[in-house]
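Written below as structure tokens is the structure these notes are about.
Treat the numbers as computed from the prediction; the structure is a model and nothing was measured. Just so it is clear: chains get the letters A, B, ... in the order the sequence lines come, proteins before strands, and each one is counted from 1.
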Amino acid sequence: MLDKTFKPGEVETRLYQQWEESGAFRAGTRPKTESFSIVIPPPNVTGNLHLGHALNNTLQDALARFERMRGKNVLWQPGTDHAGIATQLVVERELAKRQLNRKRMGREAFLAEVWKWKEESGGNIVRQLRRLGASCDWSRERFTMDEGLSRAVLKVFVALHKQGLIYKDKRLVNWDPRLQTAVSDLEVENIELKGHLWHIKYPIEGQDGRFITVATTRPETMLGDVAVAVHPEDERYRALLGKRAILPLANRPIPIIADEYTDPEKGTGAVKITPGHDFNDFEVGRRHKLPLINILTPEGALNEQVPEAYRGLDRFEARKRVVADLEAAGLIDKIEDIVHAIPHDEKTKTVVLEPYLTEQWYLNVTSLAEKAVEAVNKGRTTFTPEHWTNVYYNWMSNIQPWCISRQLWWGHQIPAWYGPDGKIFVEETEALAKTAAEKHYGKPTALKRDQDVLDTWFSSALWPFSTLGWPEKTSELKRYYPTSVLVTGFDIIFFWVARMMMMGLHFMNDVPFKKVFIHTRVLDEKGQKMSKTKGNVVDPLDLINEYGADALRFALSLAAGQGKDIRLGLNRVETCRNFGTKLWNAARFCEMNECVRKRDFDPKTATETVNRWIVAETARTVIVVTDSLEAFRFNEAAGAVYHFVWDVFCDWYLEFIKPVLNGNDEDAKAETRDTAAWTLDRILQMLHPFMPFITEELWARMAEHAEPRRSMLMLSPWPDLKALPKHEDATAEMRWLIDLVSGVRSVRSEMNVPPGARIALYMKDANRDSATRLVRHRDEVMTLARLSSARVTTEIPAGSAQFVIGEAVAALPLGDVIDFAKERTRLAKELKKAEDEITRFDAKLSNEAFVSRAPEDVIEEQKEKRAEAAALASRLTEALKRLSG
RNA sequence: GGGCGAUUAGCUCAGCGGUAGAGCAUCUCGUUUACACCGAGGAGGUCGGGGGUUCGAAUCCCUCAUCGCCCACCA
């Protein structure tokens, strides 16, 4: 006997273990069938499951389970990402607690610590995914820095280098002074902040008292100025072209040059040029062959290129000093308050990034991007929802070289070795590099390895094929590449999706996935992004502990629309937990009434109206769920089952069959038991992709007193009910019956039948088809009476039926009852409308402005309209009275 | 500056050419042997404003407004 409620905590772990141990998650168990593959967006190994992960993996799992039940050979490839910066930061923080420091301990020791940390704490997220019920093939779990994947990274790097697509370049990068590494353009977070625009006067050389005024938001960079630029057409400055300005504080003469980059409309029309610390100025400097002065140390302090007074000062300290000194010298023209975007690191959003001149490795992605655009253009990969296609195109067509080196320790170390003269040898191993060097120098030569590591996204970009064994020509690659679908959030379209497309096409000569489903973000109830600092983070594990994984999963599925962000409130999860309880109790009802599965039951053979109806409804729902899941309309699929289970199966079907199950017609009883059990089984199946635990548990428990199941629910075949008859006659009849019951309920309520009063219902038209059919079945009449809180007080005479509710106050024709509530509601609404109209006309007609300006006939017209509305209103009132009376 | 999305019941959202929907909240009634994590019923909306297309628009087009996001720029 089932308990009154489902207890997720007691069941989930056991079922998950059972699934995993059975090998049901393993790919390749059905080698001869069609394949369906998904690669998981690898979560950071440092990570903990947040609601975004929960949504992402719920949807993937729904698809994986759905396709597995449809008989496909499913691979859901799991794994984690080494997450260079995040992990290095976490471990450094841990070490700090033990008074240890990365730089003091050295690279090798530090990396050993990271690996140790990864072994000990890296499994969190994977355990949490299991709690969620994710049916990944854990036997194939990979890590972006494991041996195989690292080999793929080396191979790709070397190949791209040999193809000339990877190269070293010295240019400005976005520099993080705290981590002391370059980051790519994408990793810059521009944050709007209040700031100042300082207008600084630069004296003109040899012309005492004359100045050229420039404006800047970063005054300290003036110490690296090498010119002042004005627009060539700008009359104001024409006379100064070719002259020199004296850079204040540094006391250095710099030329005044003409460049189109300068916008005469902006600021003063004159711009200080600092090629070492501004991306635009860098270009100007290059055009004019200006020198480049770097005034910063990697930590962001001023270096020996600046006057002694400023050396060693942090950039923000230096800013204060520079401004103070300029002010003292009377060289500040004015200070404007402005709001402007300042580049920050995306991780902590607290460190201001600096444009900084360094030598880095770049990947020229122009040609790769072209192919990636073409593939989407030709429909080889499609985006759902479609509008993300444009986002992808836009970024791809403006793509810049990708800075792939990072000055970190944790990551794939770049396979480049330097000879004593700086000659670079890029090879997969040190041995190969040495061989190449020996060949080049004519003798064995000591080499020094590049210290940098690759951007984390470099290895992620290979994920769809590196996890399948590439560069080996494995059978998995052949079978599962391209993968069927990628499920991910829009925030990593550029970081990840686009780069997988490029790498996949380049190295596999085919797209990495045929479809991309982009889901929305999960926000808190108020629509705020969840963040630790705001303290509004909802931990999915807490939700799972309180409501069960099924409830969380179902809530997320129901909310997974294609447009808006998801605002997940607790009450939604609670509603879904209640839904689980409802299902559980429906099963409990079946159990109590011995509705157990009969193996050879054929739904086509049902004869009872109510049974034929539920069979048809079940088939309809399965088809909706199937179609919706195929199109990634998760909310529609989940919504369809929800509605079917609660509003159709529980509210009507189970109520209608009660009198049958308690009656004496043994044939009808047997058929009804079989049908109820059959329907419940189909419900469990179509609900399983969303609520795997409760459905699996019920699947097993419902068979305890019957023939044992052949398999677990997760391996049962997805119901294909397309061939079942539609039973339109039964559906129509049941609809009539349901309307009748609703009508009677409504009548009672609308007429304010006081307790103890009575309404007599009688049959006016005995020939009415449905009515005849209805009264033919005594059981159904009983049901009607029961459901509408009526009591059958007399035998049903031929051609008429009489129900009595309480004491009789009115008699209503049974056939009309159905329409009563609807008619009354309709009339009431029309009446309200008419009354509203009257109010509006009255307001208009008493409006002085209207009366004084409008011509006579318009006013007349308004009055007529008012009269019409009033007439309508009184007619409606009349009709309502008649109806109730 | 460029682009995208949103605006529907008190709240959260679905519907996207054919009589305005769900869940939650609220009100009334009800503890009849699956379920109070329940059941029945009610109240609550000129579908952001304005224009247009159509026999018919929440739905398609134009426009304005507000909010959100992405990209770019910032002397």
Side-chain angles (χ1 to χ4, degrees), chain A residues 2 4-6 185-186 190 192 195 197-200 213-218 228-229 261-263 265-274 278-281 336 338-342 385 387-388 390-391 394-395 398 490-491 493-494 520-521 523 525-527 529 547 551 555 558-559 561-572 574-593 633 635-636 639 642-643 646-647 650-651 654-655 658 662 741-742 744-750 752-753 755 786-789 821-822 825-826 828-829 833 836-837 840:
Chain A
L2 296 173
K4 260 191 156 181
T5 55
F6 172 62
D185 296 349
L186 277 177
N190 285 305
E192 296 244 316
L197 186 60
W198 285 273
H199 293 248
I200 307 171
T213 306
V214 299
T216 180
T217 55
R218 297 186 295 153
V228 172
Y261 157 68
T262 313
D263 182 351
E265 306 289 318
K266 260 185 181 170
T268 62
V271 188
K272 63 195 267 308
I273 299 298
T274 323
D278 183 284
F279 290 101
N280 287 308
D281 294 2
E336 270 181 79
I338 55 161
V339 174
H340 61 149
I342 300 173
H387 71 258
W388 292 113
N390 289 325
V391 175
N394 283 342
W395 189 68
N398 297 314
F490 65 83
D491 47 336
I493 290 185
F494 305 146
T520 51
R521 290 177 310 172
L523 306 176
E525 279 165 284
K526 290 181 192 128
K529 212 167 166 176
Y547 299 105
L558 268 179
Q562 303 198 347
K564 279 184 244 184
D565 295 330
I566 298 173
R567 298 189 186 188
L568 195 85
L570 277 190
N571 66 16
R572 283 192 182 210
E574 200 178 326
T575 301
C576 292
R577 188 269 320 263
N578 295 354
F579 174 63
T581 308
K582 187 77 182 174
L583 173 73
W584 185 262
N585 277 288
R588 192 157 166 261
F589 173 86
C590 290
E591 188 188 41
M592 290 167 94
N593 286 285
R633 292 192 303 261
N635 55 335
E636 246 178 73
Y642 182 90
H643 173 259
W646 205 307
D647 301 345
C650 291
D651 285 355
L654 292 186
E655 294 301 334
K658 277 175 185 171
N662 295 326
V741 173
S742 308
V744 173
R745 283 170 178 165
S746 194
V747 167
R748 288 185 64 232
S749 165
E750 291 283 341
N752 282 324
V753 177
R786 214 183 81 80
L787 289 180
S788 53
S789 303
K822 284 179 189 167
T825 309
R826 194 180 65 79
K829 274 191 180 164
K833 233 183 227 174
D836 283 356
E837 235 165 84
R840 208 162 54 235

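Rounded to the nearest Å, the gap between the C1' atom of B:rU28 and that of B:rG18 is 35 Å. Taking atom P in both B:rC70 and B:rA58, the straight-line distance is 33 Å, to the nearest Å. If you take atom P in B:rG44 and the same atom in B:rG52, they sit 31 Å apart, rounded to whole Å. When the P atom is compared between B:rG10 and B:rG17, the two are found 26 Å apart, to the nearest whole Å. Using atom P as the reference point in both B:rC16 and B:rU54, the two lie 24 Å apart (nearest Å). B:rC11 and B:rC55 are spaced 38 Å apart, taking the C1' atom of each and rounding to whole Å. B:rA20 and B:rA9 have their C1' atoms separated by 10 Å, given to the nearest Å. B:rA43 and B:rG23 are spaced 16 Å apart, taking the P atom of each and rounding to whole Å.
Applying the 3.5 Å distance criterion, the base of B:rC35 shares no donor-acceptor pair with the side chain of A:Arg588.
Rounded to whole Å, the distance from CG on A:Asn190 to P on B:rG1 is 17 Å. In this structure, CH2 of A:Trp646 is placed 14 Å from C1' of B:rA40, rounded to the nearest angstrom. Rounded to an integer number of Å, the gap from A:Leu570 CG to B:rG23 P is 20 Å. Look at CG on A:Asp647: it is 19 Å from P on B:rC35, rounded to the nearest Å. A straight line from CZ of A:Phe494 to C1' of B:rC71 spans 7 Å, rounded to a whole angstrom. Nucleotide B:rG10 holds its P atom 17 Å from the CG atom of A:Asn571, rounded to whole Å. As a whole-Å value, the separation of A:Ile493 CD1 from B:rC70 P is 12 Å. Taking atom CD on A:Glu655 and atom C1' on B:rA34, their separation rounds to 9 Å, with Å as the unit.
Comparing A:Gly269 and A:Thr5 by the nucleotide of RNA chain B that holds the closest heavy atom to each, the one mapping nearer the 5' end is A:Thr5. Closest-nucleotide positions on RNA chain B for A:Ala341 and A:Trp395 were compared, and the one nearer the 5' end corresponds to A:Trp395.
The aromatic rings of A:Phe6 and A:Trp584 are tilted relative to each other, their planes meeting at an angle between 30° and 60°. By the 30° and 60° cut-offs, the orientation of the rings of A:Phe579 relative to A:Tyr642 is tilted.
Between B:rC35, B:rC13, B:rU33, one nucleotide has an atom nearer to the side chain of A:Met592 than all others, and that is B:rU33. Between B:rC13, B:rC24, B:rC38, one nucleotide has an atom nearer to the side chain of A:Thr575 than all others, and that is B:rC24. Closest to the side chain of A:Thr262, out of B:rA34, B:rA75, B:rC24, is B:rA75. Side-chain proximity of A:Asp651 to B:rA75, B:rG39, B:rC70: nearest is B:rG39. Counting only heavy atoms from C-beta on, A:Asn394 has its side chain closest to B:rG3 among B:rG3, B:rA75, B:rA34. Closest approach to the A:Arg521 side chain among B:rC69, B:rA34, B:rC4 is made by B:rC69 (side chain taken as heavy atoms from C-beta onward).
Considering only heavy atoms from C-beta on, A:Arg218 comes within 4.5 Å of A:Asp278 through its side chain. At a threshold of 4.5 Å between non-hydrogen side-chain atoms, the residues A:Asp185 and A:Phe279 do not count as touching. Residues A:Thr217 and A:Leu197 form a side-chain contact, since some pair of their non-hydrogen atoms from C-beta on lies under 4.5 Å apart.
For A:Lys272 against A:Thr216, the heavy-atom pair with the smallest separation is CD-CB, 3.7 Å. Heavy atoms only, all atoms of each residue included: A:Arg572 and A:Ala559 are closest at NH1-CB, 3.0 Å. Residues A:His199 and A:Thr213 come closest through the heavy atom pair CB-CG2, 3.9 Å. Scanning both residues, A:Thr262 and A:Gly269, for their nearest heavy atoms gives CG2-O, 3.0 Å.
One finds a side-chain N or O of A:Thr217 lying less than 4.0 angstrom from the OP1 or OP2 phosphate oxygen of B:rA75. Listed pair A:Lys582 / B:rG39 meets the phosphate criterion, a side-chain N or O lying under 4.0 Å from OP1 or OP2. Residue A:Lys4 has no polar side-chain atom (N or O) positioned under 4.0 Å from OP1 or OP2 of B:rC37.
Note on A:Asp185: nothing from the nucleic acid sits closer than 4.0 angstrom, heavy atoms only. A:Asn398 comes within 4.0 angstrom of nothing in the nucleic acid, heavy atoms only. If you check every strand for non-hydrogen atoms under 4.0 Å, A:Val214 touches nothing. Counting any heavy atom pair closer than 4.0 Å across all strands shown, A:Cys590 reaches no nucleic acid atom. Residue-level contact check: A:Tyr261 touches the bases, meaning some heavy atom is under 4.0 Å from a base atom. Counting non-hydrogen atoms under 4.0 angstrom, A:Trp198 reaches nothing in the nucleic acid. Here A:Lys272 lies out of heavy-atom contact (under 4.0 Å) with every strand.
A:Glu655 has a carboxylate O that lies under 4.0 Å from a charged side-chain N of A:Lys658, or vice versa, which qualifies the two as a salt bridge.
With a cut-off of 3.5 Å on both pairing distances, the Watson-Crick and G-U wobble pairs of RNA chain B assemble into stems of 3 or more at B:1-7 with B:65-71, B:10-13 with B:21-24, B:26-30 with B:38-42, B:48-52 with B:60-64.
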